Amino acid sequence: MYTYMNIENILIHISFFMLFSATLLNLTNLFYEFDRSNRLSGKIMTIAFPCTTGSLITRWFQTKHLPLSNLYESSMFLSWSFSFLYVISKIRYQNGLSCAVTVPSAMLTHAFATLGLPEEMQQSAPLVPALQSHRLMTHVSTMLLSYATLLCGSLSAIVSSSLFYGRLNNYFTFGLRQIYSKRSTLLNIWSEFDARNFLHLPSPNLKRYQLINQLDRWVYQTISLGFSLLTIGILSGAVWANEARGSYWSWDPKETWALVTWPIHATYLHIRITNTNKQMGEGPATAASTGFFLVWICFLGVNLLGVGLHNYGWLV
């Protein structure tokens with residue numbers, strides 16, 4: 001018992017230190033791309049991710065169930081999910097902007113779990129009767145993975161739109177001159193005004209817009225995945241509720257906020273798919289930003305309210 005606890009504590013401290021170091025490097029790369037710091041950040045995360053994984057596995061062996069029974073374990077699993085998304089983005093996209101979102105998210109969630117929650121909640125405990133079900137693994141893990149992917153996608157959308165529109169005015173006149181030779185009306189000028197019209201920008205600016213376009217694709221694919229996981233999680237939760245309480249839906253605060261979160265991200269996907277330019281616009285950015293706050297309310301709101309069947313008992 002104490003051996004598991006010691007191993008878990010060591011892994012948690014190592015993973016937090018590594019995540020904090022990688023966060024500093026990735027936030028720097030958000031504005032300036034340095035190959036050396038990118039490589040160093042990747043090496044640091046090759047230590048942080050296995051350590052976080054190892055701490056969860058150790059807790060699993062210690063408690064004999066998937067560590068998702070309280071807010072501490074759920075937050076650590078959420079931190080692990082952010083790190084897992086970092087690995088995916090690094091392998092598939094090699095995009096420093098998406099990494100600058102996933103790594104700080106993993107670090108902050110890790111810090112919230114280990115530094116912000118009371119020590120008694122961080123201790124392992126047996127499952128309460130309501131959670132002693134095989135559906136704990138499928139429903140809760142799916143919901144937490146959907147939270148992580150939706151949060152990363154939404155936050156990446158905020159970063160992408162901020163970077164793009166923050167520099168839009170600086171190149172507005174220049175961009176119009178590049179487009180004017182191709183189109184004669186203001187409507188056509190505006191419809192063509194995207195990253196493709198910055199081909200003659202200085203190379204650092206061109207690289208910045210290429211990264212923003214790549215980040216936009218990452219946002220769309222991440223929110224699409226998170227929306228699918230959220231749908232599966234809501235449906236699996238309804239099935240579990242019917243088995244446990246004889247009702248598929250009881251308008252519990254957690255259920256209600258999940259239901260509110262679902263159409264917001266559906267709206268983002270609808271606007272993004274029907275957008276002919278396939279670029280991040282004000283509509284998708286607004287929907288994604290709203291979804292970011294709704295997911296946090298869904299994850300922590302019931303604990304702030306202290307009511308409902310999904311209350312983990314943090315503040316009350």
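From a predicted model like this one, the values you see are computed outputs, not experimental measurements.
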TODO: Give the intermediate values and the outcome of side chain to side chain contact (heavy atoms under 4.5 Å, CB included) for residues Leu71 and Leu300.
DONE: CA-CA 9 Å; Leu71 186 59; Leu300 292 177; 3.9 Å; yes
- [ ] Start with the C-alpha distance between Val103 and Met107, add both sets of side-chain angles, then the distance that settles side chain to side chain contact (heavy atoms under 4.5 Å, CB included), and finish with yes or no.
- [x] CA-CA 6 Å; Val103 175; Met107 187 275 294; 5.5 Å; no
- [ ] Dump the intermediate steps for side chain to side chain contact (heavy atoms under 4.5 Å, CB included) on Tyr86 and Ser41, then the final yes or no.
- [x] CA-CA 11 Å; Tyr86 167 86; Ser41 174; 3.9 Å; yes
Task: Derivation of the side chain to side chain contact (heavy atoms under 4.5 Å, CB included) call for Tyr72 and Arg59 - done: CA-CA 11 Å; Tyr72 169 77; Arg59 174 63 71 101; 3.3 Å; yes
Open item on the list: Checking Trp262 against Phe227 for the ring-ring contact (aromatic ring centres under 6.0 Å, His included) test, could you report, in this order, the C-alpha distance in whole Å, the side-chain angles of both residues, the deciding distance, and whether it holds?
Closed with: CA-CA 7 Å; Trp262 190 90; Phe227 179 77; 4.9 Å; yes
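The nearest pair of heavy atoms linking Ala113 to Met76 is CB-SD, 3.8 Å. Counting all heavy atoms, side chain and backbone alike, Leu68 lies closest to Ser141 at CD1-N, 3.7 Å. Counting all heavy atoms, side chain and backbone alike, Cys152 lies closest to Thr222 at CB-CG2, 4.4 Å. Of all heavy-atom pairs spanning Leu78 and Leu144, the tightest one is CD1-O, 3.5 Å. Residues Ser105 and Leu155 approach most closely at OG-CD2, 3.9 Å, considering heavy atoms. For the residue pair Cys298 and Lys254, the shortest heavy atom distance occurs at O-NZ, 3.0 Å.
How far CD1 of Ile57 is from CG of Leu66: 10.5 Å, rounded to the nearest 0.5 Å. From Met45, atom CE reaches atom OG of Ser83 across 4.0 Å, with rounding to the nearest 0.5 Å. To the nearest 0.5 Å, atom OG of residue Ser146 and atom CE of residue Met143 are 4.5 Å apart. Between the CZ atom of Phe20 and the CD1 atom of Ile44 there is a distance of 11.5 Å, given to the nearest 0.5 Å. Remark: Ile297 CD1 to Thr256 OG1 distance equals 12.5 Å, nearest 0.5 Å. Distance check, rounded to the nearest 0.5 Å: CD1 of Ile234 to CD of Glu255 gives 9.5 Å.
Counting only heavy atoms from C-beta outward, the side chains of Thr290 and Ser154 never approach each other to under 4.5 Å. A 4.5 Å side-chain heavy-atom check between Ser75 and Phe299 finds at least one atom pair inside the cut-off. Counting heavy atoms from C-beta outward, Thr102 and Trp218 have side chains that approach closer than 4.5 Å. A heavy-atom distance below 4.5 Å is found between the side chains of Leu151 and Phe82. For the pair Leu150/Phe292, no side-chain contact is recorded, criterion being any heavy-atom separation below 4.5 Å from C-beta on.
In this structure, Phe293 has its ring center at least 6.0 angstrom away from the ring center of Trp296.
At distances below 3.5 Å, not a single donor-acceptor pair connects side-chain atoms of His139 with backbone N or O atoms of Ser236. With Asn9 contributing its side chain and Met5 its backbone, the two residues share a donor-acceptor pair below 3.5 Å. Between the side chain of Ser289 and the main chain of Ile158, no donor-acceptor pair closer than 3.5 Å is present.
With His110 as reference, Ser15 is the one residue of Ser79, Ser15, Ser55 to meet the side chain to side chain donor-acceptor pair (under 3.5 Å) rule. Between Trp80 and the choices Thr53, Thr52, Thr109, the side chain to side chain donor-acceptor pair (under 3.5 Å) rule is met once, by Thr53.
No single ILVMFWY cluster, assembled from side-chain heavy atoms under 4.5 Å apart, contains both Phe84 and Ile232. Grouping the Ile, Leu, Val, Met, Phe, Trp and Tyr side chains by contacts below 4.5 angstrom, directly or via other members, places Leu108 with Val295. Linking Ile, Leu, Val, Met, Phe, Trp and Tyr whenever their side-chain heavy atoms come within less than 4.5 Å puts Leu225 and Leu145 in one cluster. Under a hydrophobic-cluster definition in which Ile, Leu, Val, Met, Phe, Trp and Tyr are linked whenever side-chain heavy atoms come within less than 4.5 Å, directly or via other members, Ile47 and Phe17 are assigned to the same cluster. Leu259 is connected to Trp240 through a chain of hydrophobic side-chain contacts under 4.5 Å among Ile, Leu, Val, Met, Phe, Trp and Tyr, so both are in one cluster.
The environment of CD in Gln123 is crowded: more than 12 heavy-atom neighbours from other residues, nucleotides or ligands sit within 6.0 Å.
Remark: Gln122 engages no residue in a side chain to side chain donor-acceptor pair (under 3.5 Å) (not counting sequence neighbours).
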